[in-house]
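Notes follow the structure.
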Amino acid sequence: GEGFWYYDHRIVPWIVSPESQNQAAKSIYRKRGWWDNPVLMDEIKKIQDFCENVVDKEYTNHNDVLVVYDTESFYYRRWINQFSEEYMLLKSLAEYGASYDCIYEKDLDKCDTASYKCIIFANCHKVDKVMMQKHKKLSEKSFVIMLNCYGYCDGESLSEENISEASGIRMKKTEATHFVSDNQEIELKREFAPFFEIVDKDAEPVAYYDNGKVSAAVKGNTAYSQIPFLTREVAEILLKRAGVHSWCDSGEPVMTGFGYMAINCQKEGARTVYIPGHEPLKLETEGYETVIYDIKKGERI
C-alpha cells in the first residue's frame with residue numbers, strides 16, 4: 001500500500017551535485033530540476049531495476065514492531081506543537097535497531113497483529129470500551145506498550161480511573177517535574193500534562209520521576225510509560241522484554257520486507273549487521289547511502 005516517487009526539492013538550491021550539467025540548478029527559480037545529472041540518473045536506474053525484481057512477489061513481513069496511531073485522539077487533545085516529540089519514538093526504535101510498521105488504530109482489524117512481537121500505542125489518548133477490549137486482547141500474543149496518557153479519555157470524560165482501567169495498571173496524578181532516564185533528567189513539558197505515576201504493586205518499575213515515583217512499568221505482557229516516546233534506556237529494556245530483533249548497532253533507521261533488509265547509513269564508519277540465522281556482518285560505509293541485504297542469503301546486494 002505504499003508509493004514511491006522521485007522528488008526534486010527546489011527550495012534547497014545549495015544542495016547541488018558537482019556533476020550537474022544544469023547551469024540554473026542553484027537558482028530557486030529553476031524549472032528544469034536535477035534530472036540531467038548522470039550520477040542521479042544512474043542511481044535511479046539501479047533503484048528501478050531492484051523494484052521491478054520484487055514488485056510482483058508476494059510480500060513477506062519481517063517487522064517485529066507495530067506502532068499504532070489514533071486519528072480520533074487528535075480531536076480530543078489541545079492544539080499544541082507536540083508532534084515532533086512523538087516522532088522521537090521512531091528515533092528510539094532506530095537506535096535499538098528495530099524494524100517496524102505503522103498503522104492507524106481504525107485499521108487494526110485488517111492486520112495480522114499476532115505476527116508482531118511488540119505493539120506500541122503511540123497517541124491513543126481516547127480509548128472507549130470497544131477499543132479497550134480489542135487492545136487488551138492483543139496482549140495475549142504480543143507485548144503491548146502504552147504511551148502518554150493512553151486511555152485517559154473514554155470519549156465522554158477524563159479521569160485517573162479511565163487510564164487505570166484502559167491500561168490495566170493503577171495510576172494517579174503526580175506533581176513530578178522531570179523524568180529520569182539515560183542518566184539524565186528530562187523535563188516534563190507542560191504540553192503533555194497531566195502526568196501520572198504508577199502505584200500498582202503488581203507492576204515492575206522500569207523508570208522513575210525525579211521525586212522517586214514510578215513513571216514507567218511493566219505488568220504482565222503490557223507496559224506503560226508516561227512520556228510520548230521511549231528513551232534509549234527504556235526502549236532497550238522493553239523491546240528486549242518483547243523479544244524484538246536488533247538488526248544493526250549503529251542507531252540508524254532499518255527497513256525490512258520482501259526478504260530484504262535496508263539500513264539508511266548516514267554516518268561514515270563501521271557498524272555490525274545482525275541477520276537472523278547468520279553470523280554478524282561487518283559493514284563499512286562512507287555514509288549517505290542505503291545498504292540492502294538479502295535476508296535469506298545473509299549477503300549484501
Side-chain angles (χ1 to χ4, degrees), residues 62-70 82-103 113 115-125 135 138-139 142-150 167 169 171 176 178-189 192 195-198 203-210 213-256 261-267 271-274 276:
H62 310 279
N63 295 327
D64 284 340
V65 179
L66 181 66
V67 183
V68 182
Y69 293 93
D70 179 39
Q82 70 184 69
F83 308 123
S84 60
E85 297 279 349
E86 291 172 347
Y87 278 118
M88 293 294 289
L89 168 61
L90 305 182
K91 180 176 184 291
S92 65
L93 294 178
E95 289 176 340
Y96 179 84
S99 59
Y100 60 88
D101 286 326
C102 296
I103 194 172
T113 54
S115 66
Y116 296 95
K117 294 180 179 178
C118 181
I119 299 174
I120 303 175
F121 290 100
N123 73 327
C124 295
H125 315 300
H135 295 179
L138 296 176
S139 64
S142 304
F143 188 80
V144 175
I145 301 175
M146 306 162 182
L147 303 179
N148 185 228
C149 294
Y150 169 90
S167 65
I169 301 174
M171 303 183 207
H178 288 76
F179 174 92
V180 182
S181 185
D182 297 351
N183 295 317
Q184 60 179 321
E185 290 191 356
I186 303 170
E187 181 183 1
L188 295 173
K189 296 183 179 180
F192 296 101
F195 303 111
F196 294 91
E197 62 186 63
I198 296 166
E204 175 190 344
V206 172
Y208 296 86
Y209 292 116
D210 56 327
K213 304 298 183 179
V214 179
S215 60
V218 177
K219 183 178 180 180
N221 214 29
T222 63
Y224 177 88
S225 180
Q226 176 61 48
I227 61 175
F229 59 92
L230 298 173
T231 63
R232 187 164 192 155
E233 178 184 13
V234 174
E236 185 166 353
I237 294 172
L238 297 183
L239 296 177
K240 279 186 175 179
R241 178 77 66 96
V244 173
H245 179 68
S246 175
W247 293 86
C248 185
D249 64 352
S250 65
E252 296 161 318
V254 173
M255 298 174 289
T256 62
M261 185 270 285
I263 308 172
N264 288 332
C265 298
Q266 180 181 17
K267 299 175 289 187
R271 64 266 289 139
T272 304
V273 177
Y274 304 97

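Just so it is clear, the values below take in all heavy atoms, side chains as well, and ignore hydrogens, waters and symmetry mates.
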- request: Apply side chain to side chain contact (heavy atoms under 4.5 Å, CB included) to the pair Tyr69 and Cys124, showing each step before the final yes or no.
  value: CA-CA 7 Å; Tyr69 293 93; Cys124 295; over 6 Å; no
message: Under the criterion side chain to side chain contact (heavy atoms under 4.5 Å, CB included), I'd like the reasoning laid out for Leu230 against Leu89: C-alpha separation, chi angles, the key distance, then a yes or no.
response: CA-CA 6 Å; Leu230 298 173; Leu89 168 61; 4.0 Å; yes
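With a 4.5 Å cut-off on side-chain heavy atoms, Leu238 and Val218 count as touching. Using a 4.5 Å cut-off on side-chain heavy atoms (C-beta onward), Leu93 and Val67 make contact. At a threshold of 4.5 Å between non-hydrogen side-chain atoms, the residues Lys219 and Glu204 do not count as touching. Residues Tyr209 and Leu188 form a side-chain contact, since some pair of their non-hydrogen atoms from C-beta on lies under 4.5 Å apart. Residues Met261 and Val254 have side chains in contact (heavy-atom distance under 4.5 Å, counting atoms from C-beta outward). Met171 is listed as a side-chain neighbour of Ser167, based on a closest heavy-atom distance under 4.5 Å. Side-chain contact between Ser215 and Phe195 is absent, with no heavy atoms from C-beta onward closer than 4.5 Å. Within the 4.5 Å cutoff, no side-chain heavy atoms of Cys118 are placed close to those of Tyr116.
Across all non-hydrogen atoms, the minimal contact from Ile263 to Val273 is CD1-CG2, 3.7 Å. The heavy-atom pair separating Ala203 from Ala217 by the smallest distance is CB-CB, 3.9 Å. Nearest heavy atoms, Leu147 versus Pro228: CD1-O, 3.9 Å.
Taking CG from Leu66 and CD1 from Ile119, the interatomic distance works out to 5.5 Å, rounded to the nearest 0.5 Å. To the nearest 0.5 angstrom, Thr222 atom OG1 is 13.5 Å from His135 atom NE2. Summarising the geometry, atom OG belonging to Ser246 is positioned 11.5 Å from atom CD belonging to Glu95; distances are rounded to the nearest 0.5 Å. Atom-to-atom distance recorded for Arg241:CZ and Phe143:CZ is 6.0 Å, nearest 0.5 angstrom. Taking CD of Glu187 as the start and CD1 of Ile227 as the end, the distance is 12.5 Å to the nearest 0.5 Å. Atom OG1 of Thr231 and atom CD1 of Ile186 lie 5.5 Å apart (nearest 0.5 Å).
Tested against Tyr100, the residues Asp64, Ile120, Leu90 include a single side-chain contact (heavy atoms from CB on, under 4.5 Å) partner, Leu90.
Atom NZ of Lys240 is surrounded by 12 or fewer heavy atoms from other residues, nucleotides or ligands within 6.0 Å.
With sequence neighbours excluded, no residue forms a salt bridge (Lys or Arg N to Asp or Glu O under 4.0 Å) with Glu233. Partners of Thr256 under the side chain to side chain donor-acceptor pair (under 3.5 Å) rule, at least two apart in sequence or in another chain, are Asn63, Ser99. When the salt bridge (Lys or Arg N to Asp or Glu O under 4.0 Å) test is applied to Glu185, no partner is found at least two apart in sequence or on another chain.
Formation of a donor-acceptor pair under 3.5 Å by the Asp249 side chain with backbone atoms of Arg271 is not found in this model. Although no hydrogens or angles enter the test, the distance criterion places a donor-acceptor pair under 3.5 Å between the side chain of Asn221 and the main chain of Ser142. In terms of modelled atom types and a separation under 3.5 Å, the side chain of Tyr274 and the main chain of His245 share no donor-acceptor contact. Looking only at distances, a side-chain donor or acceptor of Lys117 sits under 3.5 Å from a matching main-chain atom of Gly243.
Between Glu236 and Arg232 there is no salt bridge, since no side-chain nitrogen of the basic residue lies less than 4.0 Å from a carboxylate oxygen of the acidic one.
Asn123 and Tyr150 share no side-chain donor-acceptor pair at under 3.5 Å.
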